[in-house]
Amino acid sequence: MRTIVKAVAGALLASTAMVAGASAQTKEVQMLHWWTSGGEAAALNVLKQDLAKEGYGWKDVPVAGGGGDAAMTALKAMVAAGNYPTASQMLGYTVLDYAAAGVMGDLTETAKKEGWDKSVPAPLQKFAVYKGKWVAAPVNVHSVNWLWINKAVMDKIGGTQPKTFDEFIALLDKAKAAGVIPLALGGQNWQEATMFDSIVLSTGGPEFYKKAMNDLDESALKSDTMKKSFDNLAKLKPYVDPNFSGRDWNLATAMVIKGDALVQVMGDWAKGEFVAAKKQPGTDYLCYRFPGTDGSVIYNSDMFGMFNVPADRKAAQVALATATLSKSFQSAFNVVKGSVPARTDVPDTDFDACGKKGIADLKAANEKGTLFGSLAQGYGAPPAVANAYKDVVTKFVHDQIKTSDEAVKQLVAAINDAK
Ligand code: GAL
């Protein structure tokens, strides 16, 4: 809560222009989000259309920037100005922060009527419900430990599914030898950290991931296994093209779609780009779990955090929440977005092979206790800790931290500081 209040003050000046003119009408939903790529915008259209059918207009507040850091800065400014959107896209601990700050609305009545308690899995309820009140509507479940591979390039180099980290390196070597960019990476802190989530799970296994990345156990954070995780991250660097710094995630996905690169390590929002480009899994591209992470799922879930809007805007908010968690929307939206439903009772009929796998993997991991929050994506720890993590990982990738030893030291210090 303190973090939010402090940041609110800082962000205020920067976004005054955006806030002005953003006042909302009663018959419209004002939504802040960072869904500006082709696949993301297509998914959001599903919602706009559903609401239009109910007679509600759409006031878009898009703030570009994958991972949502820029959007969250803009949101702070709006909230500080008392100008609440009907809802905002949010990730995990951020929802809880705003709820603790007392600015969220209460959707419990809608939730009861619609039976959310029974259909939304417990790990999501932990973030959508604050002190017994529903404050957010979960839209989806994404997972980050995926590889997205161009099938034609894979065939050309005679590659097969890598099952271990070493096999992954061998595959990247094959691409390099064939003159293809092996690894499409966007050199932005959140993308690098999202990839590192998978590397930590692959290097240390499920128990280690949980200890380090969700429990923030200091002995795990400073262990040799964490050092080895940084070593593995370093091993991937030679396979990235020289222009990777600052590249947007969807441009990295486009490199794979076009066959300019073999593979991207990214959350399954990348699949939304393949869908938008009319590409088929199995024929045009392949989705594999990050090598060595089969059986575990590192997840994040986009939530629509519901603000405490004035009474005359409440009906629009209830309509939004009801539409968001309807079974038909959960299927239609997530088919386009690349994610899987945030309810457990949505049939997988309309999903492609990667989506079906995503749904099955999520269910199995939830039952087995191998479903873990993504630290890079707001589900491992509160935002201050996640930011500290992203900062250390990106410094390591961009050679501002030179050794794995130093990276581990800085990670422990930064996380301790942020806690
Ligand atoms: C994630 C979000 C996804 C996707 C991605 C890239 O944080 O959960 O829905 O939008 O950012 O923008």
Here the disulfide bond (SG atoms under 2.5 Å apart) pairs for residues 385-419, sequence neighbours left out, are none
Checklist entry - Are any of the side-chain heavy atoms of Ser202 and Asn232 separated by less than 4.5 Å? => result no
*May I ask you to decide whether Asp241 forms a salt bridge with Arg247, counting only side-chain N to carboxylate O separations under 4.0 Å?*
yes
Check for me whether the distance between the ring centres of Trp146 and Tyr285 falls short of 6.0 Å.
no
inquiry  = Checking Asp155 against Lys151 for the salt bridge (charged side-chain N to carboxylate O under 4.0 Å, His left out) test, could you report, in this order, the C-alpha distance in whole Å, the side-chain angles of both residues, the deciding distance, and whether it holds?
reply    = CA-CA 6 Å; Asp155 290 346; Lys151 170 87 163 48; 3.0 Å; yes
Value for CG (Leu91) from CD (Gln377), rounded to nearest 0.5 Å, stands at 6.0 Å
- Query: Just by distance, do the side chain of Gln89 and the backbone of Trp34 share a donor-acceptor pair under 3.5 Å?
  - Reply: yes
Do you see a donor-acceptor pair shorter than 3.5 Å between the side chains of Tyr239 and Asp173? yes
Worksheet item: Is a donor on one side and an acceptor on the other found under 3.5 Å between the side chain of Asn334 and the backbone of Gln330?
Response: yes
For residues 391-414, the ring pair (Phe, Tyr, Trp, His ring centres under 6.0 Å) pairs (sequence neighbours left out) are Phe230-Phe396, Phe244-His398
Indicate yes or no: at least one non-hydrogen side-chain atom of Val392 is less than 4.5 angstrom from one of Leu411.
yes
Quiz item: Would Leu171 and Leu262 count as a side-chain contact (heavy atoms from CB on, under 4.5 Å) if you check the C-alpha gap in whole Å, the side-chain angles of each, and the deciding distance to 0.1 Å?
Solution: CA-CA 9 Å; Leu171 178 68; Leu262 171 70; 3.8 Å; yes
Correct closest heavy-atom pair for Pro85 and Leu75 would be CG-CD1, 3.8 Å
Residue pairs passing the disulfide bond (SG atoms under 2.5 Å apart) test with at least one member in residues 362-418, sequence neighbours excluded, are none
Nearest heavy-atom approach of Leu107 to Ala321 is CD1-CB, 3.6 Å
Query raised in the report: Counting only heavy atoms not in Glu207, do more than 12 fall under 6.0 Å of its CD?
Result: no
One should read off an interatomic distance between Leu320 CG and Leu325 CG, to the nearest 0.5 angstrom, of 9.5 Å
Quiz item: Would you say the side-chain atoms of Trp134 and Asp117 include a donor-acceptor pair closer than 3.5 Å?
Solution: yes
(message) Once you measure the plane-to-plane angle for Phe290 and Phe165, does it fall in the parallel (<30°), tilted (30-60°) or perpendicular (>60°) bin?
(response) tilted
Under 3.5 Å, is there a donor-acceptor pair linking the side chains of Asp197 and Tyr389?
-> yes
Margin query: Can you confirm whether Lys211 is buried at NZ, in the sense that more than 12 heavy atoms of other residues, nucleotides or ligands lie under 6.0 Å from that atom?
Written below: no
Is the ring pair Trp190/Trp249 parallel, tilted or perpendicular, if the boundaries are 30 and 60 degrees?
perpendicular
Residue pairs meeting salt bridge (Lys or Arg N to Asp or Glu O under 4.0 Å), one or both in residues 365-379, sequence neighbours left out, come to Lys363-Glu367
What one should report as the nearest heavy-atom pair of Ala64 and Ala70 is O-CB, 3.7 Å
- [ ] State, without any angle test, whether Asp166 and Thr164 hold a side-chain donor-acceptor pair at a distance under 3.5 Å.
- [x] no
Taken to the nearest 0.5 Å, the spacing of Asn45 CG from Glu40 CD works out to 12.5 Å
So disulfide bond (SG atoms under 2.5 Å apart) across residues 191-303, not counting sequence neighbours, yields Cys287-Cys354
Quick one: do the Gln188 and Asp248 side chains pair a donor with an acceptor below 3.5 Å? yes
**OP:** Answer yes or no: does atom NZ of Lys210 have more than 12 heavy-atom neighbours from other residues, nucleotides or ligands under 6.0 Å?
**Re:** no
Only one of Phe351, Trp35, Phe304 passes ring-ring contact (aromatic ring centres under 6.0 Å, His included) with Phe333, and that residue is Trp35
Exercise. Quick one: do the Gln410 and Glu406 side chains pair a donor with an acceptor below 3.5 Å?
Worked result: yes
**Message:** Less than 3.5 Å apart, any donor N or O on the side chain of Arg289 or Ser143 sitting next to an acceptor on the other?
**Reply:** yes
Does any donor atom in the side chain of His142 or Asn300 lie under 3.5 Å from an acceptor atom in the other side chain?
no
Notebook entry, point to check: Should the pair Lys409-Asp405 be classified as a salt bridge under the 4.0 Å nitrogen-to-oxygen rule?
Noted result: no
Within the supplied structure, the quantity of interest is the number of heavy atoms (other residues, nucleotides, ligands) at a distance under 6.0 Å from Lys237 NZ; does it exceed 12? yes
- Query: Is the Tyr299-Phe372 ring centre distance short of 6.0 angstrom?
  - Reply: no
Would you indicate whether the side-chain heavy atoms of Phe329 and Val346 approach each other to under 4.5 Å? no
Ring pair (Phe, Tyr, Trp, His ring centres under 6.0 Å) pairs touching residues 46-73, sequence neighbours excluded, are none
dist Met104:CE -> Asp97:CG (nearest 0.5 Å) comes out at 10.5 Å
**Prompt:** With a 6.0 Å cut-off on ring centres, are Tyr98 and Phe307 close enough?
**Reply:** yes
When rounded to the nearest 0.5 Å, the distance separating NZ of Lys390 from CD of Gln191 is 11.5 Å
- Side-chain heavy atoms of Val397 within contact of Phe196, under 4.5 Å: no
Q. Do Trp148 and Lys271 touch side chain to side chain, with heavy atoms closer than 4.5 Å?
A. yes
Asp302 and His33: side chain donor to acceptor below 3.5 Å | no
Self-check item: Short side-chain donor-acceptor distance under 3.5 Å, Ser339 and Asp268
Solution: no
Q.
Could you check whether Gln317 and Thr86, counting side-chain N and O atoms only, form a donor-acceptor pair closer than 3.5 Å?
A. no
Legend entry - CA sep, side-chain torsions, deciding dist, call: Leu236, Leu172, side-chain contact (heavy atoms from CB on, under 4.5 Å): CA-CA 9 Å; Leu236 294 182; Leu172 296 171; 3.7 Å; yes
For the residue pair Phe168 and Val263, establish whether any side-chain heavy-atom pair is separated by less than 4.5 Å.
yes
One should read off an interatomic distance between Gln264 CD and Asn250 CG, to the nearest 0.5 angstrom, of 9.0 Å
Tell me yes or no: between the side chains of Asn145 and Thr293, is some donor less than 3.5 Å from an acceptor? yes
Do the non-hydrogen side-chain atoms of Val29 and Lys59 ever get within less than 4.5 Å of each other?
no
**Prompt:** Would a 4.5 Å heavy-atom cut-off, applied to side chains only, mark Leu233 and Met195 as touching?
**Reply:** yes
Nearest heavy-atom contact between Ala270 and Thr253 is O-CG2, 3.7 Å
For Ala277 and Ile257 the tightest heavy-atom approach is CB-CG2, 4.1 Å
Nearest heavy-atom approach of Ala332 to Val46 is CB-CG1, 3.9 Å
Can you confirm whether more than 12 heavy atoms, excluding those of Lys126, are under 6.0 Å from its NZ atom?
no
So does Lys228 pair up with Asp231, basic N to acidic O under 4.0 Å?
no
